[in-house]
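Counting starts at 1 for both ligands and their atoms, in listed order. Here, residue 1 is the first one in the sequence, and each next residue gets the next number.
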Amino acid sequence: MVSRVIPVDPFDLVIFGGTGDLARRKILPGLFRRFCAGQMPENARIIGAARQDLDDDGYRKMVGEAIEEFGKVGKVDKKALKAFQKQLHYVAVDAKGDGGWDALGKLLRDEEEEVVRAFYFSVGPSLFPDLAERIRSHGLAHAGVRIVVEKPFGHDLESARELNEELARHFNERQIYRIDHYLGKETVQNLMAVRFGNMLFEPLWNAQYVDHIQITVAETVGVGGRGPYYDKSGAMRDMVQNHLMQLLCLIAMEPPARFDPDAVRDEKLKVIRALDPVDPDSIVRGQYTSDGEANSYREDVENPLSKTESFIALKCYISNWRWANTPFYLRTGKRLNSRASEIAVVFKETPHSIFGIDSGRHRNVLSIRLQPNEGMTLGVTIKEPGPGGMRLIDVPLDMSFADALGPEAEEVTDAYERLIMDVIRGNQTLFMRGDEVEAAWSWTDPLIEGWERRGDSPKPYDAGSAGPDDAAFLINKDGRRWRGIKS
Ligand code: BG6
């Protein structure tokens, strides 16, 4: 299967924080892959901007090394890399002062040349207002300019609102691309394709037929070198408020009239607004302890008294006609026993079994695997082969996208490269709108305030396990069990 590559318009992409970790690991290797795929026009330019004193050659060398290290392209094609490097430039810019801005302005092509101009804020959110202000005051923000901002988008509702207001002083909503990289993942978009491209699922996709839905995003890694950030955030702010909420929205939303930015984002917003507050008894927070080899969470973040959660599981409800009384179980954590992200739609049992009680209780389950081994499995009930009566068993109808679509599916476009190309194309469908982000904080803030007020401590769990026992209890007490990772 050969995928079609449609080249984008010529662009000037300025990456603030162009020497930073995200730029080196994700953004630049992603752009190189798009270059190799023939999607980047020859006259596109990538301009690294950071405080470091570098020239074009120094930057090209640094980017070359980053691509060798993080490029995921197997053996790097030297000729292609050289050609890509020619499209790279560098300007030393001071985000909090005026240094470098004139030089940056000179490098950018005029509006009349019809070149897309985008500024990627790959820096901490505290610098967003400074950058927005300076782009405007140095006359670099014409009406077609786009800015790309990274998470975390605020720390709570108030700070997110302030950020939205700051950005709105200089740019309108159509110009602001808030990244949630989960929306750039192939299978996450497949959720929409599966739901709205097939007749099979949508009629059953509601409280009448669905027993419950589970969303698990399990990681084996710890917090690594991001302790100072993570310890102030925890799993709720780092993962649930954004990535898991986005997955929940795509699973639960009504069919948008069109696959266009506002139609999709309006529907997602309605889901967030229909979420009930969560009962404190329906939230389990955890923190990993050492497995004897690797550090404990507290050692990782160098805070021996930390009460921040590295794991969270919760049960929530969406109060609308489609989902009334259907539990949604969400779970995410670090240093768990496997890396697996999965959404499971667990259907109800048949209303009556014609086969009698000996045939057991069976439920269809649709599991959508986001990573690894992207694909879908539909559990169906069949007759156990052999004589001796009608015994029923569940078997998987399994579809791995790699098997079904061939080797190219294994090289799925990385979330970042897809999202950056969408910025250049001016397509905001896979980016969060300001009101969506604020609505998500409005839901998570009271939960966080609740446990802070009560002084709750997270439950310890062994690194390499499935999380605290209480997380299993949360679902088991409802007569259900977690799926997706080993328990
Ligand atoms: C990031 C979080 O947004 O997503 C990290 O800050 C997390 O803590 C990461 O590890 C997970 O992303 P992925 O694509 O590896 O599932």
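- Between His212 and Tyr329, the ring planes lie perpendicular to each other; the angle is over 60°, past the 30° to 60° tilted range.
- Listed by chain and number, Lys151, His181, Tyr182, Lys185, Glu219, Arg226, Asp238, Met239, His243, Lys334, Arg339, Gln371 each place a non-hydrogen atom less than 4.0 angstrom from ligand 1.
- Counting non-hydrogen atoms of other residues, nucleotides and ligands closer than 6.0 Å to CD of Glu158 gives a total of 12 or fewer.
- Environment of CZ in Phe473: sparse, with no more than 12 heavy atoms of neighbouring residues, nucleotides or ligands closer than 6.0 Å.
- Side-chain rings of Phe328 and Trp323 approach one another, their centers coming within less than 6.0 Å.
- No side-chain heavy atom of Val93 sits under 4.5 Å from any side-chain heavy atom of Arg51.
- Ring geometry, Tyr90 versus Tyr59: the interplanar angle falls from 30° to 60°, so the pair is classed tilted.
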